[in-house]
Amino acid sequence: MEWYHWLFICIVALVVNHWNKAKKRRAYLMNKYRNHALVEKMMQKTFWQGQTEDQLFDSLGKPYDIDQKVLKTKTKEVWKYNKTGKSRYALRVIVENGIVIGWDQK
């Protein structure tokens with residue numbers, strides 16, 4: 001077999017593997033949330049105000065770091081994604097009492 005046949009086979013295997021992972025992830029999210037529109041948003045790795053921290057985790061994955069402040073009436077966290085340098089992140093999502101209230105994206 002020529003080298004380019006092997007290359008083609010490897011590419012097809014990678015595409016099939018990626019498709020299978022996405023299919024399993026979609027099935028997991030549908031079982032957990034039972035809401036097609038919500039699952040589609042999470043499959044596209046989007047985030048929005050009012051999103052729960054569980055939904056944020058399922059959308060974007062584990063943050064690189066979380067800063068937490070516990071106040072008398074609320075808990076405020078900043079979930080940090082996409083590290084760009086020392087103490088620098090391209091995305092910071094602000095979560096208050098378990099709900100996304102805003103973000104800073106650079």
Side-chain angles (χ1 to χ4, degrees):
M1 227 186 237
E2 297 290 329
W3 69 269
Y4 51 86
H5 289 121
W6 286 110
L7 179 62
F8 177 75
I9 290 169
C10 288
I11 290 171
V12 168
L14 287 171
V15 169
V16 168
N17 185 40
H18 177 74
W19 183 79
N20 283 336
K21 283 182 180 180
K23 186 177 175 182
K24 286 179 183 177
R25 182 171 180 252
R26 179 175 273 109
Y28 165 78
L29 292 173
M30 279 301 294
N31 186 49
K32 184 173 181 179
Y33 296 106
R34 303 201 182 280
N35 181 321
H36 181 73
L38 185 66
V39 168
E40 286 308 309
K41 281 181 162 181
M42 288 188 275
M43 289 297 295
Q44 294 171 12
K45 298 185 180 271
T46 58
F47 52 95
W48 58 92
Q49 284 184 326
Q51 184 179 35
T52 68
E53 61 185 17
D54 263 0
Q55 293 167 348
L56 178 62
F57 184 85
D58 286 336
S59 290
L60 300 181
K62 182 180 176 183
Y64 187 84
D65 193 19
I66 298 176
D67 287 341
Q68 185 180 58
K69 290 181 184 177
V70 178
L71 307 169
K72 285 183 181 179
T73 59
K74 61 186 169 187
T75 301
K76 190 173 183 178
E77 297 178 339
V78 178
W79 291 30
K80 301 173 184 178
Y81 291 94
N82 308 330
K83 188 169 184 167
T84 59
K86 187 176 181 181
S87 298
R88 293 182 176 211
Y89 301 88
L91 174 63
R92 295 170 186 257
V93 181
I94 302 157
V95 178
E96 193 173 284
N97 294 332
I99 304 294
V100 173
I101 62 163
W103 56 86
D104 180 22
Q105 192 167 19
K106 297 177 181 171

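Under the side-chain hydrogen bond (donor to acceptor under 3.5 Å, both in side chains) criterion, Arg34 pairs with Asn31, sequence neighbours left out. For Glu40, the side-chain hydrogen bond (donor to acceptor under 3.5 Å, both in side chains) criterion is met by Arg26, not counting sequence neighbours. Residues passing the side chain to side chain contact (heavy atoms under 4.5 Å, CB included) test with His18, sequence neighbours excluded: none. The side-chain hydrogen bond (donor to acceptor under 3.5 Å, both in side chains) search around Tyr33 returns Asp58, not counting sequence neighbours. Residues satisfying the side chain to side chain contact (heavy atoms under 4.5 Å, CB included) test with Ile99, not counting sequence neighbours, are Thr52. With sequence neighbours excluded, the residues forming a side chain to side chain contact (heavy atoms under 4.5 Å, CB included) with Glu2 are Tyr4, His5, listed by chain and number. Among residues two or more places apart in sequence or in another chain, the side chain to side chain contact (heavy atoms under 4.5 Å, CB included) test is passed with Ala27 by none.
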With a cut-off of 3.5 Å and sequence neighbours excluded, list every side-chain donor-acceptor pair involving residues 65-75.
{"unit_1": "Asp67", "atom_1": "OD1", "unit_2": "Lys80", "atom_2": "NZ", "d": "3.3"}
{"unit_1": "Asp67", "atom_1": "OD2", "unit_2": "Lys80", "atom_2": "NZ", "d": "2.6"}
{"unit_1": "Gln68", "atom_1": "NE2", "unit_2": "Glu77", "atom_2": "OE2", "d": "2.8"}

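Cluster membership check: Val78 does not share its hydrophobic cluster with Val100, using side-chain heavy-atom separations under 4.5 Å among Ile, Leu, Val, Met, Phe, Trp and Tyr. Residue Leu91 is grouped with residue Val95 when hydrophobic side chains (ILVMFWY) are merged at heavy-atom distances under 4.5 angstrom, including chains of intermediate members. Both Tyr28 and Met43 are part of a single hydrophobic cluster, where members link through side-chain heavy atoms under 4.5 Å apart.
Side-chain contact check for Gln55 versus Phe47: every heavy-atom pair is 4.5 Å or farther apart. Taking the side chain as every heavy atom from C-beta outward, Val16 and Val12 approach each other to under 4.5 Å. Residues Lys106 and Thr84 fail the side-chain proximity criterion, which asks for heavy atoms closer than 4.5 Å.
The CD atom of Gln51 sits 8.0 Å away from atom CG of Leu38, with the distance rounded to the nearest 0.5 Å. From Trp6, atom CH2 reaches atom CD1 of Ile11 across 14.0 Å, with rounding to the nearest 0.5 Å. Between the CG atom in Asp104 and the CD1 atom in Ile94 there is a gap of 7.0 Å [rounded to 0.5 Å].
Contacts classified as ring-ring contact (aromatic ring centres under 6.0 Å, His included) and involving residues 56-85 (residues at least two apart or in different chains) are given here: Tyr64-Tyr89.
Counting all heavy atoms, side chain and backbone alike, Ser59 lies closest to Met42 at OG-CG, 3.0 Å. Shown here for Thr46 and Lys41, the closest heavy-atom pair between the two residues is OG1-O, 2.8 Å.
Surrounding NZ of Lys76 are at most 12 heavy atoms belonging to other residues, nucleotides or ligands under 6.0 Å away.
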